[in-house]
Amino acid sequence: MQVSTATLTRVARDHGYAVPAVNVFDEIGMRAVVEAAELRSAPLIVQVSVKTTRSVGTGLLTDTFRALTRDASVPLALHLDHCPDRAVVEEVIAAGWSSILFDASDRDLATAERETTEVVTAAHAAGVDIESEIENILGVEDGVGSDEAQHAYSVEQLAEVAERTGADLLAPQLGTSHGMFTAKPTLLPERVTALAALTDKPIVLHGGTGLSDQEFQSFISAGVSKINISTAVKMSYMRAAAAHLDEARRTDRWDPPAMFRTVSDAVRSEIVAHIDAFGAAGRAEAAAKAMQP
């Protein structure tokens, strides 16, 4: 059941939980996400990077998602993560995904606002939601981003630009960074509280890998209703694959489907842990009802 990301996250905000947005890299990961959502009866967002979209292809990713979710009993969204490339944005809009993070954080404010407005107009005409990032969240993820702060704005500016552009969700800098933390971060849940007082648009937390359940909860209590999980999933995927290959070398038994099952089990377990930490378990039925016209 493909649904609107904006609506899914508004329902989550109104009921005090966050929807996990899980990055996937292939059919194995995507299937594990859907299975985790079904297992925990949770609404969930399947998230894909620009790098993966270019590698696999928009058409194949779209068809895979729809095949895997056609009979799903839980609400699921398909989201393009961190995309500064207008050509890829246009392709994904045409494919009818649920939402796109248009990443204009490498542009100056005037350019970021103008281009975000243009993207929102095109996306809304096709029924696609837009998550907006105009101040950069630290860290490089799949070749997109920067380790240095390039643009930072006040919460008032963020709220005002969001209203003028018509963006559906906001991705502010909240003290986290993409990838694993190299030092203890200074988290900013109070920035979520301030922003939520100025706009009713769902607020997104990026760079959450490494946070404790209590730290996640502080952001959710402040108003975050979409939390991105990428690095933790990558690590689970690759470590499971590496362990399986080590065992295959030791035993000289080479069984690709067995490796796929091992990887899928590891990824599914990782996602289930985040579903539970974000309070999303058991929310699927109520979320689906709340989204009905």
Would you say the side chains of [X] and [Y] form a donor-acceptor pair under 3.5 Å?
X: Thr58; Y: Glu91; value: yes
X: Asp81; Y: Ser49; value: no
X: Glu131; Y: His206; value: yes
X: His124; Y: Asp168; value: yes
X: Ser98; Y: Gln2; value: yes
X: Thr117; Y: Arg114; value: no
X: Ser99; Y: Thr5; value: yes
X: Thr111; Y: Asp108; value: yes

Just to verify, which of Phe216, Tyr17, Phe219 counts as forming a ring pair (Phe, Tyr, Trp, His ring centres under 6.0 Å) with Phe278?
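Exactly one candidate clears the test, Phe216.
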Nearest heavy atoms of [X] and [Y], plus distance in Å:
X: Pro75; Y: Ala287; value: CG-CB, 4.3 Å
X: Pro84; Y: Phe102; value: O-CE1, 4.0 Å
X: Ala162; Y: Leu170; value: CB-CD2, 3.2 Å
X: Asp129; Y: Ala6; value: OD2-N, 3.0 Å
X: Val89; Y: Cys83; value: CG2-SG, 3.7 Å
X: Ala87; Y: Asp85; value: N-OD1, 2.9 Å

Student check: side-chain heavy atoms of [X] and [Y] closer than 4.5 Å:
X: Arg10; Y: Arg13; answer: yes
X: Ile130; Y: Ile100; answer: yes
X: Glu113; Y: Ile134; answer: no
X: Lys226; Y: Leu205; answer: no
X: Arg283; Y: Val19; answer: no
X: Val46; Y: Val22; answer: no
X: Val88; Y: Leu80; answer: yes
X: Leu101; Y: Leu169; answer: no

Output yes when a side-chain donor or acceptor of [X] lies under 3.5 Å from a complementary backbone atom of [Y], and no otherwise.
X: Arg191; Y: Gln173; value: yes
X: Thr262; Y: Ala258; value: yes
X: Asp246; Y: Arg249; value: no
X: Glu133; Y: Asp103; value: no
X: Ser236; Y: Ala232; value: yes
X: Ser218; Y: Glu215; value: yes
X: Glu163; Y: Glu160; value: no
X: His244; Y: Ala240; value: no
X: Lys201; Y: Ala167; value: yes

Hydrophobic clustering (ILVMFWY, side-chain heavy atoms < 4.5 Å, transitive) - are [Y] and [X] grouped together?
X: Leu211; Y: Ile220; value: yes
X: Leu188; Y: Leu198; value: no
X: Leu245; Y: Phe25; value: yes
X: Val267; Y: Leu39; value: no
X: Val33; Y: Val74; value: yes

I need the single residue from Ile227, Leu76, Thr9 that forms a side chain to side chain contact (heavy atoms under 4.5 Å, CB included) with Ile45. Which is it?
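For Ile45, the side chain to side chain contact (heavy atoms under 4.5 Å, CB included) test succeeds with only one of Ile227, Leu76, Thr9, which is Thr9.
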Can Met238 and Val263 be said to form a side-chain contact (heavy atoms from CB on, under 4.5 Å), step by step?
CA-CA 8 Å; Met238 298 302 294; Val263 170; over 6 Å; no
Intermediate values then yes/no, salt bridge (Lys or Arg N to Asp or Glu O under 4.0 Å), Asp63 and Arg66:
CA-CA 5 Å; Asp63 290 346; Arg66 289 177 179 161; 5.6 Å; no
Please test Leu78 against Thr69 for side-chain contact (heavy atoms from CB on, under 4.5 Å), starting from the C-alpha separation and ending with a verdict.
CA-CA 10 Å; Leu78 180 59; Thr69 61; over 6 Å; no
CA sep, side-chain torsions, deciding dist, call: Val48, Val24, side-chain contact (heavy atoms from CB on, under 4.5 Å)
CA-CA 6 Å; Val48 187; Val24 302; 4.0 Å; yes
Steps toward salt bridge (Lys or Arg N to Asp or Glu O under 4.0 Å) verdict (Arg253, Glu247)
CA-CA 8 Å; Arg253 296 180 63 183; Glu247 181 65 10; over 6 Å; no
side-chain contact (heavy atoms from CB on, under 4.5 Å) between His274 and Arg40, worked out
CA-CA 11 Å; His274 285 91; Arg40 301 300 291 136; over 6 Å; no
Report, as yes or no, whether the 6.0 Å neighbourhood of atom CD on Glu285 holds more than 12 heavy atoms from other residues, nucleotides or ligands.
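Check fails, neighbour count at 12 or below.
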